[in-house]
Undergrad: 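This structure is in structure tokens; I'll ask about it shortly.
Quick caveat, the model's predicted, so the values are computed rather than measured. No hydrogens, no waters, no symmetry mates; every other heavy atom, side chains included, goes into these values. One-based numbering, in listed order, for ligands and for the atoms of each.
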Amino acid sequence: MASTEYNSVVLDIEGTITPITFVKEVLFPYVTRGLDAFLDRTWGSDDLKEYIQLLREQAHQDVQNKVSPAAVEIPTEEKSSAAEVKDAVKKNIQWQMAMDRKIGALKAFQGFMWREGYKSGELRGEIYDDVVPALDRWLTSKKIYIYSSGSVPAQKLLVGHSTKGDLSKYFSGYFDTTVGLKTEVQSYKAIAQEIGETDPQRILFVSDNIKEIQAAKEAGYQVVISDRPGNAPLGPESAAFQIVTTFAKIH
Ligand SMILES: [Mg+2]
């Protein structure tokens, strides 16, 4: 495939190195199912207070912006009992997760819960079997990066506590949507600049998402589509690109 040698590899997570089901069937339910017990366990800690404050500020904005269905506001402890605050936090998180929101305050809270799960060993980031051999191959001569819409702390937890062990030694950097949306050409240009690659042709991007692939291609990257079990079906636009079902096929 590669017409030019590449120096850097940028990898998507969901649908590329990790099954989409891990996020939908493990990570998200971990939050929704464990929320009550987690809040009881961590209630009153400074960390939790910070995350709740972020949710509170977001909820306030959501009410002002008349987000529909209506946002659940979170009162302050000065004005309400701890039980009322806790109840509002639960309802707010359930409300946001039911909408599958990708907003900073929610992602930060989810990451806070996942951190505990990863550290205790209850959560382990699921990585496809063919990924580590490819990382080993690349590591000798290339830099490897992650670009995912999950927050950078959540990315680090997933690869740092994975079913294949701690993979953090492989990665030279992590990017999330603070660099820009994954479907925008500008994001890939910004990443090329940040990793110091003046020729974007020297970067290989692997993702399951055709819009991301098209944006990276337009930014000048080499691209490969990852087609994994459980991914969304690929449309006719994908025929213009190399499609692999295993990283063993990426050379
Ligand atoms: Mg993906």
Side-chain angles (χ1 to χ4, degrees), residues 1 6 8-31 97 100-104 106-107 110-111 114 123-132 134-135 138 144-160 162-164 167 170-171 173-188 190-192 195 203-219 221-250:
M1 60 123 231
Y6 49 93
S8 308
V9 182
V10 177
L11 299 175
D12 166 57
I13 294 184
E14 265 185 77
T16 300
I17 65 169
T18 293
I20 286 178
T21 50
F22 174 69
V23 180
K24 302 259 181 304
E25 292 169 16
V26 179
L27 283 185
F28 286 165
Y30 179 86
V31 173
M97 289 194 68
D100 193 22
R101 269 185 135 191
K102 309 284 182 206
I103 218 147
L106 176 66
K107 282 203 223 173
Q110 290 167 331
W114 290 331
L123 288 174
R124 282 198 304 162
E126 195 178 335
I127 302 287
Y128 284 113
D129 291 342
D130 50 81
V131 172
V132 175
L135 296 177
W138 285 324
I144 312 166
Y145 302 88
I146 297 276
Y147 181 28
S148 160
S149 43
S151 69
V152 166
Q155 299 172 21
K156 288 180 174 170
L157 286 169
L158 194 154
V159 302
S162 87
T163 51
K164 303 286 186 280
L167 305 182
Y170 292 103
F171 300 105
Y174 302 81
F175 297 93
D176 62 19
T177 52
T178 56
V179 79
L181 292 179
K182 293 183 77 188
T183 49
E184 284 172 6
V185 180
Q186 189 51 44
S187 308
Y188 298 87
I191 290 173
I195 66 181
I203 309 174
L204 171 71
F205 176 62
V206 189
S207 170
D208 60 311
N209 182 301
I210 184 68
K211 294 218 163 64
E212 297 171 11
I213 289 288
Q214 286 167 332
K217 180 75 186 172
E218 210 179 315
Y221 286 40
Q222 299 186 45
V223 293
V224 169
I225 297 177
S226 166
D227 185 13
R228 301 288 196 176
N231 282 7
L234 293 168
E237 328 80 279
S238 62
F241 304 100
Q242 188 194 2
I243 302 169
V244 298
T245 56
T246 161
F247 274 31
K249 291 280 194 287
I250 305 177

Undergrad: Determine the sole option in T18, L123, L157 for which the side-chain contact (heavy atoms from CB on, under 4.5 Å) test with L27 is passed.
TA: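 That would be L123.
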Undergrad: Mind checking whether Y6 and W138 have parallel, tilted or perpendicular rings, split at 30° and 60°?
TA: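 Perpendicular: the ring planes of Y6 and W138 meet at over 60°.
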Undergrad: Which atom pair, heavy atoms only, marks the closest approach of V152 to F175?
TA: CG2-C, 4.1 Å
Undergrad: Quick test of your reading of the model: are D12 and K182 salt-bridged, counting only N-O distances below 4.0 Å?
TA: yes
Undergrad: Side chains of Y145 and I203: does their closest heavy-atom pair fall under 4.5 Å?
TA: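 Y145 vs I203: side chains apart.
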Undergrad: Can you count the protein N, O or S atoms that lie less than 2.8 Å from the Mg ion (ligand 1)?
TA: 3
Undergrad: Whether D130 and R228 form a salt bridge (side-chain N of Lys/Arg under 4.0 Å from carboxylate O of Asp/Glu) is what I want to check.
TA: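 The answer is yes: the pair qualifies as a salt bridge.
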